[in-house]
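What follows is a set of notes on a single structure, which appears directly below.
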Amino acid sequence: MPLSRRGRGSRLAGSRAATSSLPRATALSPKSAGRGALSISHAQLLTRRRHSSEQVPPESEPQADFRSGKWLQEPATGDARDSRQALRARMSSKHRICSQEEVVIPYAYDNDSGSVDLELSNLETIKKGSSSIELTDLDIPDIPGLHCEPLSDSPRHLTRQDPLNEAIVDKLIQSIQRGFSGELKGELEKLTFLGSLSSLSRALPYDETTESFIHSHIADIVHTLNVLVQEERPHSLSSLVRQEVFVTIADLSYQDVHLLFGSEDRAELFSLVIKSIITLPSVRTLTQIQEIMPNGTCNTECLYRQTFQAFSEMLQSLVVKDPYLENLDTIIKHLDPWLQSVKDHERERATASMTQVLKCLSRHLSLKLPLRFQRLGHLVALMALLCGDPQENVAEEAAESIHYLLHITLRLKYIIHDKKNQQNLKRALTKCREFLELYSSAAKCFYSCPFRIAQVFEGFLDSNELCQFIMTTFDTLKNLNHPCIQRSAGELLLTLAKNAESRFEKVPEIMGVICAQLSIISQPRVRQQIINTVSLFISRPKYTDIVLSFLLCHPVPYNRHLAEVWRMLAVELPNTTWILWRLLRKLQKCHNEPAQEKMAYVAVAATDALYEVFLGNRLRAATFRLFPQLLMTLLIQIHHSIGLTMSDVDIPSGLYTEQEVSSEVTPLCFAMQATKTLLLRTCCLQEFNIMEKNKGWALLGGKDCHLQGVFLLANALLERNRLLAQKVMYLLVPFLNRGNDKHKLTSAGFFVELLRSPVAKRLPSIYSVARFKDWLQDGNHLFRILGLRGLYNLVGHQEMREDIKSLLPYIVDSLRETDKKIVLSAIQILLQLVRTMDFTTLAAMMRTLFSLFGDESRRVLTICAQFLKWKLPQEVYSKDPWHIKPTEAGTICRFFEKKCKGKINILEQTLIYSKNPKLSVRRSAVLFVGLLSKYMDHNELRRMGTDRIEDDLRDLLCDPEPSLCIITSQTLLLVQMASAEPKPKQRVNWLQKLMGRSSA
């Protein structure tokens, strides 16, 4: 187990002489480690000699206790030092490597112990709203006990000792070379090698031979140390080799020879030495192993504590001279997996080690630019989370780490700040001061609360460090063994997102981590905190589109975790409309583009997202406010989706790597779901019911009947909710000018139905009548139908009739259309306007109406007769084609010849249809031409001339249809006879004779 905080008052005793401020963790006294005399082996005596030290001056300063929050007074001396001095005296002289007094590495006083509260006196100069431009070192809050002592040129204050002579240096080199050759078989040989290497390191400052040897054999040293560590038993602790490896590395580090940085093999050695100590079984387990298999050499608990002490000292030696913080960065990299270990004792060891590193660094901080520390945000998040660790020892060690890390951060930010971010730093310092004042009387409460720590640190973290913080916090959510860590992570995320909402840059990466981790979070409270974090990002205009774009780039239908995000968005009321509007715009932009070969994937994804949002009903106020836009956009999406499958969608590459698109999933089903849910969530229950009863959803999704479904829904809305209908109508005024044809057709269909509303007469004619004029001339017959339908709805408003009359020529022209719907719509409008027409317009209309009588459509004929107030003969209603009912055809022709005489040239109008592509129409037209020429005034016929009629009939003699050729030949004969002879007194039914029938 790491050193107890209460036992650190005497930690300085028992190692090298302590005449400087160099921080070195020391072993707990044997009295604390375990009672009983130690059995000292020969190898241990050699090691004890290397650890012997001079007397350390006593200290009585109070120490910060993160466990109890009380001030402790502990004696500076301890029995560990006494035991080591005794060991040194008992060491056999034959095992000494040199007779000279050794150069010893000094230890530091623990004069940094004190209250964990930050000293606020130096912050008195920071005032809210300060106008000071220059930021000085006095603006940095100080921490009692962490006052940086003056540093000499060298990090070590060595005791005066004579240099090693040449013979001793040669002897040490020979000993080391024997180790390189692989002669390290037993523990004694290994310790001798390590001792020789450590002793030789002390000659580096003044001996060129030593310097040359060491630097030329770095690779050999690293390799040998690697082998020594690997040969140690991974699950037990029975030798001093590990401890001596740590001490040797530290000794060389103090001489600026770093065996753990720089190359791949050195990094491998660093990982190995950390693993060798961190992964040892817990102290309790080690003690149990010793009880089962006693080795008779030493107390295992005491040996462990001394080994861990040496490991901590090794790490500290790496940061004593680390002005660019690159060594700290590397240490964090290697300790990181152990700080997040699922094993409590591993996590505790790693945290205790990091605490000692940060403590040492904070006391010997001498920074220089450029700094190479790239993990500040990661470290802050990790230690803050560990402050909430379920293991009390881990939490207390982490709290102390935060104490030192805050001091380091303040100094670091002061060093790197420039004039551009000076005011930001001053604001952060002021905020830090306020928080620390708030918690100055409850330090333990502050350091044990992760989200309060986040509040203090966030002001000092730049955008990249904030991203590190978020990523690290999310990464800890995978720790399923400790729900409390998940809870802490959720609080941290929410706190940081609230306080630093405008300073994040890597939002897509953060969203990626959220989506990846959400599936492993089981606690409802934590899941909601994560979703709340997403909500905070998405509600800020700076990030809204970024977050939406990321969330929309997922397979549809969304999995249950992502669907939960859409449904459970927790956004403040003023921001709900903004979010829903931006999501809606993603869909609308797809409709504004020209028709593509494939539908954009974002259109399908946004439609499904709207469905999930409506289902969750968290943005209800915004849904009501944006109802007109939402409804029309979804109806347009339905139009675009008709007949499409997911294979017709431009799906981004790699999106469906883990699953195939279901054949049951179509763009249309998403659009239908969203539209239905929108109506239900906005209380349009009656409208929904009307659509259900009249099969309106099937009409909406039909290729040829989509507009009928649009008409039905528009009428239902107008009937049941006039206020909403009016809002939609006003929206559609500008909406009609946007988008592609499908966009315009659906919008126009809804718009023309809403013109039955009384408020439609308030619309300026430029938005109604003038628009319909353009539609009546449009090449798309659907727009012509909609134009006439809109005029018919407007003509019901008396105030609009004068404007509509200006379109009468276009309406009359519509009577000549071959589309029955267009003709019927035009006639319905004319019926409303006939009483207001002048004679010229009425005559033109009548001529056009009479021309319709050649149409085969009985329905059109009936409407025309009603319009003209004619009573048609019953033969008109025969369901058989005219050419097989010549008698009925003759009766009808006599009727028309009588009614139209002197009004229009009905014969010429009928002849127009002889060129119709439809056979039945051509056949009827030719038949009627023959019968009309027979019954009309022959003198009038001769006056008009029949040359053009005969020419047209001769062209039809070449038609491939035999029946048409026969009727044409007989009609041509009748026309020629009528134009050459007076009208006969007795009529002959020539067609009956032709068919072999008797005259009626």
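Just so it is clear, the structure is predicted and the values come from calculations on it, not from any experiment.
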Minimum heavy-atom distance between [X] and [Y], given as atom pair plus value:
{"X": "Leu259", "Y": "Arg266", "result": "O-CB, 3.2 Å"}
{"X": "Leu376", "Y": "Leu405", "result": "CD1-CD1, 4.2 Å"}
{"X": "Glu400", "Y": "Tyr404", "result": "OE2-OH, 2.8 Å"}
{"X": "Tyr304", "Y": "Arg349", "result": "OH-NE, 3.0 Å"}
{"X": "Leu339", "Y": "Arg347", "result": "O-CG, 3.2 Å"}
{"X": "Ser253", "Y": "His258", "result": "OG-ND1, 3.8 Å"}

Drop me the distance from [X]'s [atom1] to [Y]'s [atom2], to the nearest 0.5 angstrom.
{"X": "Gln306", "Y": "Leu237", "atom1": "CD", "atom2": "CG", "answer": "10.0 Å"}
{"X": "Met383", "Y": "Leu406", "atom1": "CE", "atom2": "CG", "answer": "13.5 Å"}
{"X": "Arg411", "Y": "Ile408", "atom1": "CZ", "atom2": "CD1", "answer": "11.5 Å"}
{"X": "Leu252", "Y": "Leu197", "atom1": "CG", "atom2": "CG", "answer": "5.0 Å"}
{"X": "Leu365", "Y": "Leu412", "atom1": "CG", "atom2": "CG", "answer": "7.5 Å"}
{"X": "Thr533", "Y": "Ile470", "atom1": "OG1", "atom2": "CD1", "answer": "6.5 Å"}

For the side chain of [X] and the backbone of [Y], is there at least one donor-acceptor N/O pair under 3.5 Å apart?
{"X": "Gln468", "Y": "Gln374", "answer": "yes"}
{"X": "Arg375", "Y": "Ile332", "answer": "no"}
{"X": "Arg242", "Y": "Val229", "answer": "no"}
{"X": "Glu465", "Y": "Gly377", "answer": "no"}
{"X": "His345", "Y": "Leu280", "answer": "yes"}
{"X": "Asp322", "Y": "Asn327", "answer": "yes"}

Assess, by modelled atom type and distance only, whether the side chains of [X] and [Y] contain a donor and an acceptor separated by less than 3.5 Å.
{"X": "Asp336", "Y": "Gln340", "result": "yes"}
{"X": "Glu346", "Y": "Ser341", "result": "yes"}
{"X": "Ser401", "Y": "Thr355", "result": "yes"}

Is any side-chain heavy atom of [X] closer than 4.5 Å to a side-chain heavy atom of [Y]?
{"X": "Glu268", "Y": "Leu272", "value": "no"}
{"X": "Glu301", "Y": "Leu286", "value": "no"}
{"X": "Asn226", "Y": "Thr224", "value": "no"}
{"X": "Ile274", "Y": "Ile331", "value": "no"}
{"X": "Lys343", "Y": "Thr279", "value": "no"}
{"X": "Leu325", "Y": "Leu361", "value": "yes"}
{"X": "Phe246", "Y": "Ile277", "value": "yes"}
{"X": "Trp338", "Y": "Thr351", "value": "no"}

(request) Please state whether the rings of Phe270 and Phe261 are parallel, tilted or perpendicular, taking 30° and 60° as the class boundaries. (result)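 Rings of Phe270 and Phe261: perpendicular, as their planes differ by over 60°.
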Please indicate whether [X] has more than 12 foreign heavy atoms, meaning atoms of other residues, nucleotides or ligands, lying under 6.0 Å from its [atom1].
{"X": "Arg233", "atom1": "CZ", "value": "no"}
{"X": "His235", "atom1": "NE2", "value": "no"}
{"X": "Glu264", "atom1": "CD", "value": "no"}

(request) Begin with the C-alpha distance, continue with both residues' side-chain angles, and end with the deciding distance and a verdict on salt bridge (Lys or Arg N to Asp or Glu O under 4.0 Å) for Asp329 and Arg372. (result) CA-CA 8 Å; Asp329 202 70; Arg372 299 186 178 92; over 6 Å; no
(message) For Leu318 and Leu260: C-alpha separation, side-chain torsions, deciding distance, then whether side chain to side chain contact (heavy atoms under 4.5 Å, CB included) applies.
(response) CA-CA 9 Å; Leu318 304 177; Leu260 305 179; 4.0 Å; yes
(request) Check step by step if side chain to side chain contact (heavy atoms under 4.5 Å, CB included) holds for Leu194 and Val247. (result) CA-CA 9 Å; Leu194 293 170; Val247 172; over 6 Å; no
(message) Please determine whether side chain to side chain contact (heavy atoms under 4.5 Å, CB included) holds for the pair Phe457 and Ile402, giving the CA-CA distance in whole Å, both sets of side-chain angles, and the decisive distance to 0.1 Å.
(response) CA-CA 10 Å; Phe457 273 93; Ile402 289 292; 4.0 Å; yes
(message) One pair to check against side chain to side chain contact (heavy atoms under 4.5 Å, CB included): Phe308 and Ser353. What are the steps and the verdict?
(response) CA-CA 9 Å; Phe308 188 80; Ser353 302; 3.4 Å; yes
